[in-house]
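First up is the structure itself, then whatever we jot down about it.
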2 protein chains.
Amino acid sequence: MTHCPTILQALRQRGYRITSQREMIIEIIAHSDRHLSAEEVFHRLREKTSASNLTTVYRTLEMLWVEGFARRNDLGEGRVVYAPLAHGPHLHLVCRSCNRVIEADHSLLAGAEHQLREHYGFQADLAHLNLFGVCQDCREG
Amino acid sequence: MTHCPTILQALRQRGYRITSQREMIIEIIAHSDRHLSAEEVFHRLREKTSASNLTTVYRTLEMLWVEGFARRNDLGEGRVVYAPLAHGPHLHLVCRSCNRVIEADHSLLAGAEHQLREHYGFQADLAHLNLFGVCQDCREG
DNA sequence: TCTCTAATTGCAAATCTTTGCAACTAAAAA
DNA sequence: TTTTTAGTTGCAAAGATTTGCAATTAGAGA
C-alpha cells in the first residue's frame, strides 16, 4: 500500500484513468519482493478477482514502465519481467555462453549515467540493467 | 564473403557442423550493411533456396551470437535484430516515453567496460548497446 | 569409401506479447 | 446529478520466438 496512493494520484494527473484493474496490478507489483512476469502478475490478479485479463496486465505493466513507476528487465530468454522501483539497484552480467548471471556493483556505471545526462540530457535507467557478454570461464575454456 | 571462411572454420573447430543453411545465413548477415530481424534473414534466405526454415534461422542467429560472431539487439518492441560484428560501435539511448532513439558516443562506456573485465573477468558486449531511459524533452514536457 | 553417431533440420505445437476493434466506463463538463 | 467523450477493457487474432521430437546428415573414424 505504501506507494500506491502516490502512484495513482500521479497517473491521474497525467491523464490516465484509474480503474480497479490498474489499482490491483499496481498494488501487486508495488508489494512484490522480486520481479514478476506478466503471467505471474496475472495469476496473482486472478486470486483477487475474475475481472482480469492478460492483455490488460501487459498494457498496464508497459504503461507503468513508460511512466517510470516500474522497472522492466528483459532477461533475453523470451520473457520480460517487472519490478517495483523500491528494489535496490542491480547490475547483472549475463554470460551469453553459459547463461550464468554475475551480480555486479552498479555504481560502476555512475560515471556513464552522469555523462549521458550531461551530454545528451538523457536520464538512463541504469539501476536495473542486464549486460550481455562472456564470463571468464567461458573465455578461457 | 570476407569473414565467412574464418567464421566457418572457427565454428567447425568448436564442434559445430557446417550445413548449407548455416553457410547461407552467415553469408547473409556478414554482408548486411544494417541489422536484420530473423524474419528478414529468412526472406533473404528464401530468395536463395527453398531449403530454409524460420526456426533454423532463429537457431542459427542465436548460435552466432553465443559464439560471438553476431551482434544481437533487442529494440524493446517485440523483435530482436542481428548485425555483423563489422558494424561500428553504437550506443542507442531509447526514450521509453516517446520512443525516440539518440545515438551516443559509445566510448562513454569504455571505463565501465574496463572495470567489468578487471573486477569480474566479464567481457561485456557494450559495442552495440541500447539503454532505456527518458529524454530531455519528455522529462521537461 | 562406407559406417556410425551425435548434431542439425523441419514441422507442429506451445509460449510470450502485441494489436484491432467494439463495448464499457472514469472523470470532466454541463 | 446527468451527459459526454476519450481512455480502457476484453476478446480474438496476429505476430514473434521457443521447444519437442522424429527424420536427416555432417564429419569423424573404420
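Here is the naming used below: chain letters follow the sequence lines, and residue numbers restart at 1 for every chain.
One interatomic measurement links the two molecules: CZ of A:Arg72 to C1' of C:dT18, which rounds to 11 Å at whole-angstrom precision. Taking atom CZ of B:Arg17 as the reference point, atom P of D:dA28 lies 8 Å away to the nearest angstrom.
Here C:dG10 is the nucleotide among D:dA16, C:dG10, D:dG10 with the atom lying nearest to any side-chain atom of B:Asn53. In this structure, of C:dT9, D:dG10, C:dT17, it is C:dT9 that holds the atom nearest to the side chain of B:Thr56.
Each of B:Ala38 and B:Ser20 lies near DNA chain D, and the nucleotide nearest B:Ala38 is the one positioned closer to the 5' end.
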Could you tabulate the donor-acceptor pairs under 3.5 Å formed by side-chain atoms of residues 19-26 of chain A, not counting sequence neighbours?
from, atom 1, to, atom 2, distance (Å)
A:Thr19, OG1, A:Arg22, N, 3.2
A:Arg22, NH1, A:Arg17, O, 2.9

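Rounding to the nearest 0.5 Å gives a distance of 3.5 Å between OH of B:Tyr16 and CD of B:Glu67.
Checking the phosphate oxygens (OP1, OP2) of D:dG27, a side-chain nitrogen or oxygen of B:Arg12 falls inside 4.0 Å. Listed pair B:Thr19 / C:dT8 fails the phosphate criterion, with no side-chain N or O lying under 4.0 Å from OP1 or OP2. Within the 4.0 Å cut-off from OP1 or OP2 of C:dT17, at least one side-chain nitrogen or oxygen of A:Tyr58 is found.
When every heavy atom of A:Ala124 is checked against every heavy atom of A:Glu113, the shortest pair comes out as O-OE2, 3.6 Å. In terms of heavy-atom proximity, B:Leu129 sits nearest to B:Asp125 at CD1-O, 4.4 Å.
Base contact: A:Arg59 has a heavy atom under 4.0 Å from a base atom.
Secondary-structure annotation of DNA chain C gives the stems C:1-30 with D:1-30, with a stem taken as at least 3 successive Watson-Crick or G-U pairs whose two distances both fall under 3.5 Å.
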